[in-house]
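Take a look at the structure below.
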Amino acid sequence: MREIIASEIIDKVAILCKKANYEIPEDVKDAIKKAYKKEKSELGKEVLSQIIKNYEIAESNKVPICQDTGVAVFFIKIGKNAKIVDGNLYDTINEGVRKGYSEGYLRASIVKDPLYNRENTLDNTPAIIHLEIVEGENLVITFMPKGCGSENMSKTIMLTPSDGEEEIENFVVKTVEEAGANACPPVIVGVGIGGNLESCTLLSKKALLREVGKQNPDLKYAQLESRILKKINNLGIGPAGFGGVFTALAVHIETAPCHIASLPLCVNINCHAARRASLVI
Amino acid sequence: MMKTWRLKTPIKERHLEKLKVGNKILLSGVIFTARDSAHKLLKKQIEEGKKTPFDLKGSVIYYAGPTPPKPGYLIGSIGPTTSYRMDKYAPFFYSLGVKATIGKGSRSEEVMLALKKYKAVYLSAVGGIAALLAKHVKKAEIIAYQELGTEAIRKLWVEDFPCIVANDIYGNDLYKRVKEF
């Protein structure tokens, strides 16, 4: 059994929080740069150039790309031969968030109670942690600060098997259309199909972790992604919703087996500030 | 080429007559941040007959909550938040003399009617470019509701703050026109 000391994880998580909020991943940057070259609307092009300039300022000054430094979402894979010592993993991750958000001058955006006591916890905890046990002895931590402009525009629907791909296409396109400028386009569209109510929403969020534009390995789903993307980019919403070709940069579909009677569908939208960072311990 | 106007605060009605949806604005002067909680408190304060922390007449409200400033910085990253959450309050504030609000995303029919009625505008800034927008803030101070943290009302001195006219005083809506780009 490999032992991993909790306090070492705290520091690394803190660094991860800062890095993800200051530096946009290369694949997202490349996708925005490509969109800039191809965008036909004058306003849309200007928005994309401001987005690129903003990346540069944030990275060189080490300041947040967006003031909404998000809900701290973690996807953690822990090897079955690894053991955390001197602390439990959940507390450790939250301690890392506390440290990272405070040291990094990141905004605390979490309230204690959703309805009656919306008092800020002041340190952006608790984080939302998804844990998976895998082979090996490593700890792989992926952090995604998820902004709420796009999160608020996300939707789930329980379709039935007869609805098929047509209804899936319609629902995804309609969700992005209704999101409009609110979701900070050009967006990345995470789509979960299958599983059940709660696992489908998780699939749609995991879809946002995929490298931008990399297609589903199953050809049928890859084609569905392309078809939906084309329809979305025919909406004309464009960068920042000011009109243009690029309403979305990519559509990523993730699937899972499901019940004979159901066809769950979830659309999780990510803004153009699609931040994420990973590390392996 | 898109038309660009320089706009200075406080805003007078005549300054808004030439502005049309899709025009670019470079805004300079004083603006005030307020988002969900500050709107709720401010409205309550006015309804109780108390004095507002800033003069609403001719003012500009920016829907934004910044990140904490790093040492040596005047302000943290500060981009617009989604405006529709303030739709419930906006007509009330426009009726009291607010001449412009800045945010992102489209507004409700009620807000658009209020804009026409009170001759005011809604300006859209680009979401997610908060580090760049912070460069246009030259001075900042908290003037009310400090306990709200990021949601406190901040007085910002801005220079050439870039935004787009999303709703003009004539009832036009940029977001309904986007398909014609």
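Chain naming here is simple, since letters A, B, ... match the order of the sequence lines and numbering starts at 1 in each. Values below: all heavy atoms of this structure, side chains included; hydrogens, waters and symmetry mates excluded.
Neither the backbone nor the side chain of B/Ser37 comes within less than 4.5 Å of any heavy atom in chain A. Only the backbone of B/Pro69 comes within less than 4.5 Å of a heavy atom in chain A; its side chain stays farther off. Only the side chain of A/Glu46 comes within less than 4.5 Å of a heavy atom in chain B; its backbone stays farther off. Residue A/Asp68 does not touch chain B at all, counting heavy-atom pairs closer than 4.5 Å. Heavy-atom distances place both the backbone and the side chain of B/Ser77 under 4.5 Å from chain A. In this structure, chain B has a heavy atom under 4.5 Å from the backbone of A/Leu106, while its side chain stays farther away. For B/Ile78, the part lying under 4.5 angstrom from a heavy atom of chain A is the backbone only.
Your options are B/Thr81, B/Leu148, B/Thr150, and the one with the most heavy-atom pairs under 4.5 Å with chain A is B/Thr150. Interface check for chain A: of the options B/Gly103, B/Gly105, B/Ala125, B/Ala131, the most heavy-atom pairs under 4.5 Å are formed by B/Ala131. Of the listed residues (A/Cys66, A/Ala58, A/Pro64), the one with the most heavy-atom contacts under 4.5 Å to chain B is A/Pro64.
With respect to B/Asp36 and B/Arg85, a salt bridge is recorded, a charged nitrogen being found less than 4.0 Å from a carboxylate O.
Both tests do not hold together for A/Lys206 against A/Phe75: distance to the six-membered ring centre under 6.0 Å, angle to the ring axis within 45°. For the pair B/Arg35 and B/Tyr63, the cation does not sit on the ring face, since its NZ or CZ is not both under 6.0 Å from the ring centre and inside 45° of the axis.
Side-chain contact annotation: A/Thr175 with A/Lys155, donor-acceptor N/O pair under 3.5 Å absent.
A distance below 6.0 Å separates the ring centres of B/Phe161 and B/Tyr62.
Between B/Tyr89 and B/His39, the two ring planes are tilted [angle within 30° to 60°].
At distances below 3.5 Å, not a single donor-acceptor pair connects side-chain atoms of A/Asp113 with backbone N or O atoms of A/Arg118.
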